[in-house]
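Inspection log for the structure reproduced underneath, given as structure tokens.
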Amino acid sequence: MKKISVIAVLILAFSCQGLFVSAQGKTTKPVSERLAATAMERWRDSMWTGRPAKWTYDQGTVMEGIAAVWKRTGDGKYFDFIKRGMDLFIQPDGSIRTYKLADYNIDNVKNGRALLVLYKVTGQEKYLKAAQLLRQQLSTHPRTNEGGFWHKKVYPYQMWLDGLYMGQPFYAEYAAMTNDHEAFNDIARQFILMEKHSVHPATGLLYHGYDESRQQKWADKETGRSPHFWGRAMGWYGMGLVDALEYFPANHPKRDSVIAILNRFATAVQKVQDAKSGVWYDILDRPTGKGNYLESSASSMFVYALAKGIRLGYLPQSYLPVVEKGYQGLQKEFIEVVNADRVNLTKTVSVSGLGGSPYRDGSYEYYLSEKVITNDPKGVGAFILAANEMDLRAMPKPGLGKTITLDYYFNNEYKKDPTGIISRYHYTWEDNANSGFSLLGNIFKNAGASLNSLTAAPTAANLQNSDIYIIVDPDTEKETAAPNFMTAQSADELYKWVHNGGVLVLMTNDHTNAELKKFNTLSERFGIRFNEDMVNAVKNDQYETGAFAIPKKHPIFQTAKKVYIKEISTLNLSSPAKPAFTSGKNVIMASAQVGKGTVFAVGDPWFYNEYVDGRKLPAQYENFKAATDLVYWLVNQVPAR
């Protein structure tokens, strides 16, 4: 396979994400970002503008979409929106304004996902305490006799499809964060019970609700099921499946059962997709029923669930035509253009439920009586999620089939979090805080690559399946009690690995924060020496002292124009190394070709979250773009196998 040019990849990325140039030369943003802009303008602080704020799953659904766009773009305004919305409710002691645990309403758990985003990124304990409160609700939440969560305390013995999305993704993410492996048995149980009691055997469609007691008027006296297949209820269930599965341990005995449920769900959804429009009806199995209509929130949820299921490998590629036709239909049937920056989402049913007061009998006529509106938050959030998945799918995949391994041996730091768990941190894929590489990992994954880590000294054997190996910030004694220093043996192993076609990335730090003398044992094999100096020392927010302008037509950084790097170790080069970026007399970055392989070096960790996630740096510093540029360049250096 020939190496493709990086600029060609970036041009393809630009065009595939739905970016079009108008006659006036203005670029139209992806529809995901245009609807996100509508949402952030419409609901600046909460869903209840002009009325008392209320803790509601509607807000959490919108924030799911906003968080997804933030992770894809690195634009801090999206994170700020999530934080501002949650801070309206979360008090300094972690209590949640307007929330009552005693209500035992599964809907109220939904926003816990936003709390976990905020806690993982900021480390602020108030978000953790609030999340712990929601987890406490799950611990004491009333259940059916088989162990299924009641939808609400006021709806005893009832399980609704909606509730699987409201509770299980948070439950799964929290369990993964706290290493609560036993919880995944309970999470799987919820999906298994819901399918068992609500599935229609002939079609695979799922009835909206199930009443174990058979006491509700809407419940079939033999099965306990409600009478109809409501689109959004099945949409909630599908989103719950893919979002919870993302956190299941790969070797969990119930994981395959949940994946099998998702596959049966996808088969049923495919069968009721409208052939003409590509989207789905409010009542799924009655397309010609009087008053039935194409509905935007359910259609968005189906596209999201199937697209994400394909991306994560839970569903086969054979569902891709369903997803593509569905997404085309979403835009044609439901998107109303406001201007180049804003769109509206039309034809979303505002609400549908079972029982309550006034009583909702679950009849066909009831479902069709509910109001259909524009820019309902449940539809908006679901559409943003679907559109963002399609943006991810449209991005070029030069890293497809390639494995990126991050060193956890020379950089081997641990800390205890507020829950008492000791975990690895600092330049790791899993670390979502300022110090982590989670966003850089996302960029690699969005380029089609797979992530890996290596906790042992590198050898030909343990790197044989790695295409790119990244070593960041080698430890000093002040960071790790017994640091693993670079040795001549490891340097020999890595030299041979590079010579045979490996791509090695060396990202150190300034000499006060990284061990350089021994590490140079490795880098000097490639003509690169990390100097024990420091340039671009930055005080407080004087960012310009850490700024570098990227020259036009740079071979690596082809879209970033201005970047920020502080407190760097400069480089001293000899053959075969060549400068990749210089500032005056200082060599800031270098590359080397050795045999079939490539080495890239920079004297700073550079692309950790703090300087790519858009929360700290002013927008003029394009570190997220630079990280994307480097990722594309690196994967393009991998020789054909």
Side-chain angles (χ1 to χ4, degrees), residues 1-17 68 71-74 246 307-308 310-314 317 320 388-408 427-430 436-454 458 462-472 497-498 500-507 554-560 580 589 591 593 596-602 606-609 612 623-641:
M1 182 180 72
K2 294 181 178 179
K3 294 181 181 179
I4 58 175
S5 78
V6 176
I7 194 65
V9 168
L10 295 171
I11 290 172
L12 182 60
F14 188 74
S15 62
C16 286
Q17 291 184 65
K71 291 174 183 177
R72 177 178 56 80
T73 64
E246 194 169 8
K308 184 172 182 178
I310 295 168
R311 175 170 62 85
L312 297 181
Y314 310 139
Q317 293 287 326
L320 186 55
N388 187 73
E389 277 296 326
M390 300 310 288
D391 292 339
L392 292 175
R393 174 160 291 279
M395 294 173 73
K397 300 293 183 284
L400 199 63
K402 299 177 176 66
T403 298
I404 318 303
T405 298
L406 182 58
D407 163 68
Y408 287 1
Y427 313 127
T428 68
W429 297 137
E430 299 83 9
F437 266 5
S438 60
L439 282 184
L440 180 62
N442 286 342
I443 295 171
F444 273 114
K445 289 190 290 185
N446 293 344
S450 299
L451 303 184
N452 191 20
S453 56
L454 184 60
N462 60 28
L463 285 176
Q464 64 177 339
N465 295 319
S466 298
D467 298 287
I468 298 174
Y469 179 52
I470 305 173
I471 306 177
V472 186
W497 178 76
V498 171
N500 289 330
V503 176
L504 178 63
V505 180
L506 306 176
M507 306 176 81
H554 192 278
I556 299 175
F557 304 104
Q558 297 192 4
T559 67
M589 305 174 212
S591 65
Q593 296 293 319
K596 298 179 181 178
T598 304
V599 178
F600 174 85
V602 59
W606 194 12
F607 291 135
Y608 49 105
N609 295 336
V612 293
N623 282 22
F624 190 89
K625 283 186 177 181
T628 304
D629 289 341
L630 180 61
V631 164
Y632 284 154
W633 182 83
L634 289 172
V635 297
N636 198 40
Q637 303 311 302
V638 177
R641 289 180 177 176

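By the 4.5 Å heavy-atom criterion applied to side chains, Q317 and I310 are counted as neighbours. The closest side-chain heavy-atom distance from W497 to P458 is not below 4.5 Å. By the 4.5 Å heavy-atom criterion applied to side chains, W633 and T598 are counted as neighbours. Residues V503 and L634 meet the side-chain proximity criterion, which asks for heavy atoms closer than 4.5 Å. Contact annotation: the side chain of D629 never approaches that of H554 to less than 4.5 Å [non-hydrogen atoms, C-beta and beyond].
Residues passing the side-chain hydrogen bond (donor to acceptor under 3.5 Å, both in side chains) test with D467, sequence neighbours excluded: R641. Checked against side-chain contact (heavy atoms from CB on, under 4.5 Å), L400 has the following partners two or more places apart in sequence or in another chain: K397. For S466, the side-chain hydrogen bond (donor to acceptor under 3.5 Å, both in side chains) partners at least two apart in sequence or on another chain are T405. With sequence neighbours excluded, the residues forming a ring pair (Phe, Tyr, Trp, His ring centres under 6.0 Å) with Y427 are F437, Y608, listed by chain and number. Residues passing the side-chain contact (heavy atoms from CB on, under 4.5 Å) test with T73, sequence neighbours excluded: E33, V69, D75, Y78. Remark: N462 engages T459 in a side-chain hydrogen bond (donor to acceptor under 3.5 Å, both in side chains) (not counting sequence neighbours). A search for salt bridge (Lys or Arg N to Asp or Glu O under 4.0 Å) contacts involving K625 returns E622, not counting sequence neighbours. Residues passing the side-chain contact (heavy atoms from CB on, under 4.5 Å) test with A447 are P398, V631, Y632, sequence neighbours excluded. By the side-chain contact (heavy atoms from CB on, under 4.5 Å) test, A626 is found to be paired with F557, A560, V563, W606, F607, residues two or more places apart in sequence or in another chain being considered. Partners of N442 by side-chain hydrogen bond (donor to acceptor under 3.5 Å, both in side chains), not counting sequence neighbours: none found.
Remark: the backbone N or O of L392 is not paired with any side-chain donor or acceptor of N446 at under 3.5 angstrom. With hydrogens and angles ignored, the 3.5 Å screen pairs no side-chain donor or acceptor of N623 with any backbone N or O of V612. No donor-acceptor pair under 3.5 Å is formed between the side chain of W429 and the backbone N or O of L451.
Rounded to the nearest 0.5 angstrom, I556 CD1 and Q637 CD are separated by 7.5 Å.
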